[in-house]
2 protein chains.
Amino acid sequence: MAIVCQKLPDACQHGLVPAPRRRATITSVAEAAGVATSTVSRAFSNPGRVNHVTREHVLAVAERLGYSPNPTAQALESGRTNTVALVVPDITNPYFSGVVKGAERAAAEARLTLVIGDAQENPVHEERLVRRLGAAVDGFVLTASRMPDEALQRASELNRIVLVNRASPGLTSVVADFASGTGQIVAHLASHGHRSFVFLGGPAESWSGARRWAGLHAAAAEHGLEATRFGPYTPTTASGPAAADAVLTTRATAVVAHNDVLAIGVLQRLAERGVRVPEQLSVVGFDDVFGADFCHPPLTTLAERTTEAGARAVEALAALTRPGATPTGEDAPVRVLPTQLVVRASSGPAPT
Amino acid sequence: MAIVCQKLPDACQHGLVPAPRRRATITSVAEAAGVATSTVSRAFSNPGRVNHVTREHVLAVAERLGYSPNPTAQALESGRTNTVALVVPDITNPYFSGVVKGAERAAAEARLTLVIGDAQENPVHEERLVRRLGAAVDGFVLTASRMPDEALQRASELNRIVLVNRASPGLTSVVADFASGTGQIVAHLASHGHRSFVFLGGPAESWSGARRWAGLHAAAAEHGLEATRFGPYTPTTASGPAAADAVLTTRATAVVAHNDVLAIGVLQRLAERGVRVPEQLSVVGFDDVFGADFCHPPLTTLAERTTEAGARAVEALAALTRPGATPTGEDAPVRVLPTQLVVRASSGPAPT
DNA sequence: CTGAAAGCGCTAACAA
DNA sequence: TTGTTAGCGCTTTCAG
């Protein structure tokens with residue numbers, strides 16, 4: 001059995017690799033159609049340079065054989081795959097849904113295939129993903145990348161990269177306006193008479209986490225509020241209890257969480273412990289994710305334009321892959337998207 | 001400038017395609033190391049058949065040059081990419097998060113790269129995705145596929161396919177035990193004195209939706225309940241108002257929604273209209289997604305082992321891709337995973 | 001243990 | 001307009 005498998009181009013490899021059926025190749029189509037492979041190739045990717053009736057014929061034969069060009073081979077030749085990868089830290093975090101949706105829409109418009117990779121909140125895994133996928137895609141959108149700047153620089157030498165909610169020297173990026181957003185949050189709290197708040201920090205590597213804290217800190221100083229930072233916490237509801245309990249050791253009247261998922265976990269814990277929100281403690285999140293509007297009480301949170309961010313990032317990436325595009329450089333644009341505070345029932349006047 | 005670009009293997013293509021930098025190839029490594037390309041190849045993928053010190057040397061040179069094998073080229077030769085695709089109808093639906101997580105874990109264990117595709121609730125888009133990615137991956141896990149059986153059969157001739165929450169003749173699949181699950185739901189309602197309920201159906205093409213209704217219908221007959229089906233509704237919270245309003249035209253004392261997201265939308269609408277849950281109306285969902293435990297009131301729902309489903313599916317796919325695997329056939333296994341009713345506050349005694 | 005050479009499926013000169 | 005030919009980067013016989 002195995003002995004037969006030597007170099008018989010077609011019959012072979014079947015018993016070994018259970019590839020369902022051998023796909024038709026450009027060669028088989030060319031033979032069946034009685035033309036050269038290059039004609040078949042042109043029929044598909046260069047319609048202008050082939051006789052109309054020849055083309056029809058080739059296409060008909062191809063259809064009959066169920067042929068469609070092998071993207072792997074096309075990619076090997078051209079170096080382009082028309083595929084871009086979107087990498088997110090944790091695909092189960094609903095925050096990234098919007099980014100994914102926007103990226104998909106933009107990819108479809110640019111006739112690009114989008115694949116999504118999950119970095120699993122792990123810089124090492126993220127870097128490996130980029131290495132692994134590097135030659136198989138035309139570029140990456142790295143969302144809230146946890147990779148250190150050096151790693152990003154290294155990766156950007158081999159790959160086209162666009163960042164979302166992360167900035168790094170020389171790299172194109174799309175970020176939310178955290179400066180304004182954190183200002184809105186602090187103004188909201190100040191207007192309600194709060195004098196101090198606790199910030200529940202997210203992962204240490206999180207660039208946006210750092211921006212959030214920096215913004216809150218600055219705005220707090222401006223408004224004469226006292227701001228304290230706790231954490232880091234893994235941004236999941238599971239971190240809620242520890243975070244909430246930590247807050248309750250202080251006399252802060254408000255708490256701002258790294259993101260909504262963490263805030264919701266905090267809310268759950270506070271309910272468990274009989275702390276009334278917002279009467280005793282105001283809670284504010286970031287992201288306005290699915291769930292923020294129906295948790296109890298509904299969460300005040302800073303909404304970002306995540307869909308737009310995903311779309312803009314893919315568009316920028318598509319532009320980078322087009323011939324004649326300027327590679328990254330000093331002038332790498334940072335696009336800032338507005339943010340908006342959505343006030344719901346989880347925040348209110350400070351207790352007197 | 002462009003004139004220079006003729007066939008100079010290296011200098012070319014730079015001005016045209018702004019690929020950040022030319023990646024090192026097996027040839028450049030071979031030259032730099034003073035060995036043949038085949039030796040480099042073996043150093044990487046056949047460590048046994050190369051002298052230990054030669055191998056070290058090659059690896060060192062490769063490292064210095066930043067070389068890593070081009071998966072596209074490897075794939076072209078071997079037909080294997082060590083990449084599998086997971087396709088979901090809508091990645092923003094939190095239900096699929098568990099499947100993704102499980103698939104990721106299993107893929108990592110099998111040393112496979114996982115890419116995720118979003119079919120956007122569209123059978124046509126789903127089929128196109130399979131076509132597009134077909135040659136670039138070793139196989140597919142199609143989750144809750146909306147493709148008709150014929151399309152699946154066709155696709156399975158060219159690709160290795162494993163289904164999750166969908167069955168189709170001859171295809172391997174992993175499904176939740178809806179028969180038991182729907183029985184649990186109906187028993188729960190019956191034990192609380194409900195005499196009739198409405199089922200809010202999901203997309204018409206949804207296989208699991210059909211199973212859910214079939215199970216509910218059968219169990220209702222068994223318990224002497226009256227079951228009515230409404231819909232189809234798009235399974236998003238946005239469909240909640242229409243669905244809830246429809247239910248309120250009936251005298252049903254309970255409503256079972258196609259999934260949690262829809263159920264949450266219903267809950268929101270009921271609150272808006274002043275209908276008390278569960279005093280006036282019990283609400284039950286499917287999936288136990290993120291949010292089901294903190295919506296108001298917390299949702300009674302049928303929990304599936306989504307993580308396990310994702311993992312099992314990828315394992316099955318990995319097994320299919322291993323040499324010697326039996327291609328699909330009559331005996332294609334259908335693996336049934338248990339389901340469990342999670343009773344929360346959204347369901348209770350029928351109003352008297 | 002290592003090298004030479006063929007070829008995976010496709011595209012892009014170049015000729016005809 | 002079409003065919004011929006030479007690779008893209010890699011793996012894999014087959015010799016040495």
Side-chain angles (χ1 to χ4, degrees), chain A residues 2-3 5-10 12-13 16-17 19 22-31 33-58 62 65 67-82 134-136, chain B residues 2-3 5-10 12-13 16-17 19 22-31 33-58 62 65 67-82 134-136:
Chain A
I3 299 171
C5 281
Q6 292 270 3
K7 211 65 202 187
L8 317 180
D10 221 282
C12 180
Q13 286 191 346
L16 305 175
V17 180
R22 195 160 193 84
R23 286 165 180 273
T25 72
I26 203 171
T27 313
S28 50
V29 173
E31 276 175 10
V35 299
T37 58
S38 46
T39 302
V40 178
S41 172
R42 284 187 281 255
F44 276 87
S45 41
N46 228 331
R49 282 202 284 237
V50 61
N51 182 300
H52 186 254
V53 355
T54 315
R55 172 152 194 265
E56 291 303 308
H57 175 225
V58 169
L65 266 45
Y67 167 81
S68 82
N70 182 332
T72 308
Q74 294 187 132
L76 181 56
E77 157 64 25
S78 66
R80 307 191 76 256
T81 60
N82 293 312
Chain B
I3 299 170
C5 283
Q6 292 271 2
K7 210 66 196 188
L8 318 179
D10 221 281
C12 181
Q13 287 193 344
L16 305 175
V17 181
R22 197 163 193 84
R23 287 165 179 272
T25 72
I26 203 172
T27 314
S28 51
V29 173
E31 276 175 10
V35 298
T37 58
S38 44
T39 302
V40 178
S41 172
R42 284 187 281 253
F44 276 88
S45 40
N46 229 331
R49 284 201 280 236
V50 62
N51 182 300
H52 188 252
V53 353
T54 314
R55 172 152 195 266
E56 291 303 309
H57 175 226
V58 169
L65 266 45
Y67 168 82
S68 83
N70 182 332
T72 307
Q74 294 187 133
L76 180 55
E77 159 64 24
S78 66
R80 306 191 75 255
T81 59
N82 293 313

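Order of the sequence lines fixes the chain letters, A, B, ..., with proteins taken first and strands second; residue numbering starts at 1 for each chain. What you see is a predicted model, and the numbers here were worked out from it, not measured in a lab.
- Across the protein-nucleic acid pair, Glu31(A) atom CD and dG9(C) atom C1' stand 13 Å apart, rounded to whole Å.
- The two atoms that bring Thr25(B) and Tyr67(B) nearest to each other are C-CE1, 3.5 Å, heavy atoms only.
- Here the side chain of Glu77(B) is nearest to one of dA5(C), dG7(C), dG7(D), namely dG7(C).
- Distance from the side chain of Ile26(A) is smallest to dC10(C) among dA13(C), dC10(C), dT11(D).
- Within 4.0 Å of Val35(B), counting heavy atoms only, lie sugar-phosphate atoms of the nucleic acid but no base atom.
- Backbone-only contact: Thr54(B) has heavy atoms under 4.0 Å from sugar-phosphate atoms and none from a base.
- Side-chain atoms of Ile26(A) and Phe44(A), non-hydrogen and from C-beta on, never get closer than 4.5 Å to each other.
- If you take NE2 of His52(B) and C1' of dC1(C), they are 14 Å apart, rounded to a whole angstrom.
- In this structure, of dT11(D), dG9(C), dG3(C), it is dG3(C) that holds the atom nearest to the side chain of Ala36(B).
- Atoms CG (Asn82(A)) and P (dC10(C)) sit 15 Å apart, rounded to a whole Å.
- Listed nucleotides dG3(C), dA12(C), dC10(D) differ in distance to Thr25(B); the shortest reach to its side chain belongs to dC10(D).
- Per the geometry, CZ belonging to Arg80(B) stands 18 Å off P belonging to dC10(D), to the nearest Å.
- In the interface, the side chain of Ser38(B) is paired with the base of dA4(C) through a donor and an acceptor atom under 3.5 Å apart.
- In the set dG9(D), dG3(D), dA12(C), the nucleotide with an atom closest to the side chain of Leu76(B) is dG9(D).
- Counting any heavy atom pair closer than 4.0 Å across all strands shown, Tyr67(A) reaches sugar-phosphate atoms only and no base atom.
- In this structure the side chain of Thr72(A) never reaches within 4.5 angstrom of the side chain of Gln74(A), judged on heavy atoms.
- The side chain of Ala73(A) sits closest to dG9(C) out of dG9(C), dT11(D), dT1(D).
- Comparing dC10(D), dC10(C), dG3(D) by their closest approach to the side chain of Thr39(A) singles out dG3(D).
- When the C1' atom of dC14(C) is taken as reference, atom CZ of Arg42(A) falls 11 Å away, rounded to whole Å.
- When the P atom of dG9(C) is taken as reference, atom CZ of Phe44(A) falls 15 Å away, rounded to whole Å.
- If you find the closest nucleotide of DNA chain D to Arg55(A) and to Ser45(B), the one lying nearer the 5' end belongs to Arg55(A).
- Nucleotide dT13(D) holds its P atom 10 Å from the CG atom of Asn46(B), rounded to whole Å.
- Following rounding to the nearest Å, Arg49(A) (CZ) and dA13(C) (C1') show an atom-to-atom distance of 10 Å.
- Phosphate contact (OP1/OP2 of dG9(C), side-chain N/O of Gln74(A), threshold under 4.0 Å): absent.
- Between Glu31(B) and Thr27(B) the shortest side-chain heavy-atom distance falls below 4.5 Å.
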